[in-house]
Amino acid sequence: MKLYEQFPVSITNSLSGKKEPFVPLNSPFVGMYSCGPTVYNEVHLGNLRTFTAFDVVYRYLSYIGYVVRYVRNITDAGHLTNDAGEGVDRIEESAKLEQLEPMEIVQKYTTSFHEICRIFNILPPSIEPTATGHIIEQIEMVKKIMANGYAYEVNGSVYFDVRRFMEKYKYGELSGRNIDELQEGTRELDRQDEKKNSIDFAIWKAVSPNHIQRWPSPWGEGIPGWHLECSAMGTKYLGKQFDIHGGGMDLKFPHHECEIAQNVGAFGTSPVRYWMHSNMLTVNGEKMSKSKGNSFLPRELFTGSHPLLNKAYSPMSVRFFMLQSHYSSTLDFSNEALSAAEKGYKKLSNALTTVKKLKFQPLGAEDHDLRSELNRLIDGCYLNMSDDFNTAKTLAILFEMASRINDWNSGKGTAVSEATFNRFKQTYIDFLEQVLGLREEEEHNQEMVDGIIQVLIELRKKARTDKNYALSDKIRDDLKAMGVQLMDGKDGSMSYSIE
RNA sequence: GGCCUCGUGGCCGAGUGGCUAGGCAGAGCUCUGCAAAAGCUCCUACGGUGGUUCGAAUCCACUCGAGGCCUCCA
C-alpha cells in the first residue's frame with residue numbers, strides 16, 4: 001500500500017472554499033503549478049513564504065509516493081502595471097534605474113532568486129519555464145481565444161472580452177466577484193480606455209518602439225499580457241487540465257481568475273482542479289510589500305541590518321518560523337516571534353543531531369503503551385501533513401518526538417522493538433529534513449573550528465581534573481562570548497554548540 | 001462602496017461541538033563544582049452581545065476591531 005493511500009491527502013480548494021479529498025487526475029502522477037517571481041528586483045520574505053509553502057506541498061506529495069511534475073515559472077517579460085494605458089513596465093523601469101539591458105536585469109535577479117532558494121532550502125521545480133521563452137505559445141493561445149470569439153484587437157493590442165465570455169461561461173468564480181459591481185467600482189478610472197469594458201484585460205499589449213522588450217506578433221510588436229504566460233506554460237507542460245495550482249492570495253484576482261478565463265476561452269476547459277492560495281506575511285498587521293516599504297530582504301535578515309530587527313537570524317530559523325503557521329493564515333513578522341522561532345528550531349535541530357547518532361539500546365520486554373505512543377506520533381506526522389499540509393501541527397508532533405529522543409539520549413532505554421525504534425528515528429529525520437526542508441545549518445570552516453574547539457576542550461578537561469575551576473570557567477566563558485556554548489556531560493565528556 | 005478573511009493565555013501560533021496543541025517567555029525542581037543542555041511541574045485562553053444545543057472558543061445572528069482583494073504585487 002502506498003503512503004498516499006494510507007494517508008489520503010485533503011486540500012482546501014479555493015474554488016469551493018472547502019477542504020476536499022485530493023484525487024489526482026492520473027495517480028500517481030501529479031501536475032502542479034505555482035506562480036514564480038517577476039524578476040525585476042530581489043524577492044522579499046513575503047514572496048518567500050509562498051515559495052516555501054508550495055515547496056513543502058511538492059516535498060510532501062513526493063515523499064508519500066506521488067510522482068510530481070512541479071512547474072514554477074519565472075516572469076521575465078515586463079508587464080504594464082495597468083491595462084488602461086500609461087502603466088509602467090517594472091523590468092524596463094529597473095533596467096533604466098540600474099542602467100542595464102532588461103535581460104541583464106532578468107538574469108541578475110533570476111540568479112539572485114535561485115541563490116535565495118538554495119539558502120532557504122527551497123527545491124528547484126521540475127520545470128522552471130520563462131515567459132520570454134514561450135512567446136510563441138502565448139501568441140498561439142491569443143489566436144485560439146480570438147478564433148473562439150472571446151477576444152478583440154484594438155490598435156495592436158488584444159483584449160479578452162469578458163462580457164462575451166460570460167454569455168457562455170462563468171467569470172469571477174474563483175474570487176467570488178460580481179462583475180456588475182466590479183465594473184461599477186472601476187468605471188471612472190478607465191475613461192479613455194480602448195477596451196470595450198473596464199473588466200476586459202489585455203492578453204497582448206502593443207508597445208512603442210522605444211520599449212526594449214518587445215516581440216513581433218500578428219497584431220504588431222508588443223508584449224504578452226501578464227496573465228497569459230501562466231496559462232500558456234501550464235498548458236504546455238501539464239496539459240489542458242492539471243491537479244494543483246498555487247500562488248499567493250493576492251494573485252487570486254485578477255491573475256488567477258483571468259488565467260481560468262483564458263484557458264476556458266481557448267480550450268473550453270477549466271485548467272485547474274485544486275487551487276491553493278497561501279496567505280500574506282504581515283508586519284505589524286499589515287501586508288509586507290515593496291510598495292508599502294515594509295518588506296524585508298533575505299540579506300537584511302542574515303545580517304540583522306534591517307531597522308526593525310535587533311539581531312541576525314539564520315535561514316532555517318526563518319523557514320521554521322514560516323512553517324509554524326498554516327499556509328492559509330496570515331503570519332505576523334516580528335522580532336519576538338522570530339527569536340522564539342530561532343530557539344524552537346534549535347531544539348528540534350539539536351534533537352536531529354542527537355537522533356542521527358543514537359543507537360538502539362534494547363531494554364527488556366516491549367512496552368506496549370510506549371509502542372502505541374510512538375506509532376501515534378509517527379502516524380501523526382503523516383496525518384497532519386495529509387490534512388491540508390498542516391505544518392504547524394506536524395511541528396508540534398516533532399517537538400514531542402524530540403522529547404522522546406532526548407529521553408533516550410540521556411540513557412533511558414527503549415523498550416520497543418528495533419523496528420519501531422528505527423521507524424521512529426527515520427520518521428523524525430525525514431519529516432524534518434525531507435518534508436519540511438529543515439536541514440542542519442551550514443557551518444563555515446566547520447572542520448577547523450571543530451579542531452580548535454576540541455583542543456580547548458582537552459585543556460579544559462585537564463583544568464577540571466586539576467580542580468583549576470578558574471581556568472576551566474575562563475575557557476568556557478571566553479568561548480561563550482564568541483558564541484560557542486560548552487556543555488558538560490555527567491561522565492566528564494564535553495560537547496559544544498554554536499549559537 | 002462591493003467581495004473575502006481574521007480576532008485564541010505575557011508573545012507567536014494550531015485546533016475540534018464535550019477530552020493537555022506546540023513553541024517562546026516566566027516560576028519552581030532534578031541533574032551539575034558552577035553553568036549549559038536535557039527532564040519534570042506550574043502558568044489553561046479563546047473580541048463583545050444574544051441565540052441554537054444537555055453542552056460552544058468551535059454552529060447562527062448582530063456588533064466592535066484588525067487586515068486583504070477590487071491597480072502592479074507572493
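The sequence lines fix the lettering, A, B, ..., with proteins before strands; numbering per chain opens at 1.
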I want to check one thing: is the phosphate of [N], taken as OP1 and OP2, less than 4.0 Å away from some side-chain N or O of [X]?
X: A/Lys343; N: B/A25; value: yes
X: A/Thr330; N: B/U5; value: no
X: A/Asn409; N: B/A38; value: no
X: A/Asn406; N: B/G39; value: yes
X: A/Ser325; N: B/C12; value: no
X: A/Lys287; N: B/C6; value: no

Heavy atoms, side chains only, cut-off 4.5 Å: are A/Val435 and A/Asp430 in contact?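 No, their side chains stay 4.5 Å or more apart.
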
Could you check whether [X] makes a cation-pi contact with [Y], meaning its NZ or CZ is under 6.0 Å from the centre of the six-membered ring and within 45° of the ring axis?
X: A/Arg72; Y: A/Phe54; result: no
X: A/Lys290; Y: A/Tyr40; result: yes
X: A/Lys425; Y: A/Phe421; result: no

Determine whether the aromatic ring of A/Tyr469 stacks with the base of B/G33, defined as ring centroids separated by less than 5.5 Å and ring planes inclined by less than 30°.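 Yes, aromatic ring over the base.
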
Which nucleotide, if any, forms a Watson-Crick or G-U wobble pair with B/A57, using both distances under 3.5 Å?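 Across all strands, not a single nucleotide pairs with B/A57.
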
Base-pairing mate for B/U30 - Watson-Crick or G-U, with both contacts under 3.5 Å: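 Paired with B/A38.
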
Rounded to the nearest Å, what distance is computed from the CD atom of residue A/Gln485 to the C1' atom of nucleotide B/C34?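 Value for this atom pair: 12 Å.
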
Quickly work out the A/Glu286 CD to B/C6 P distance and round it to whole Å.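 Result: 19 Å.
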
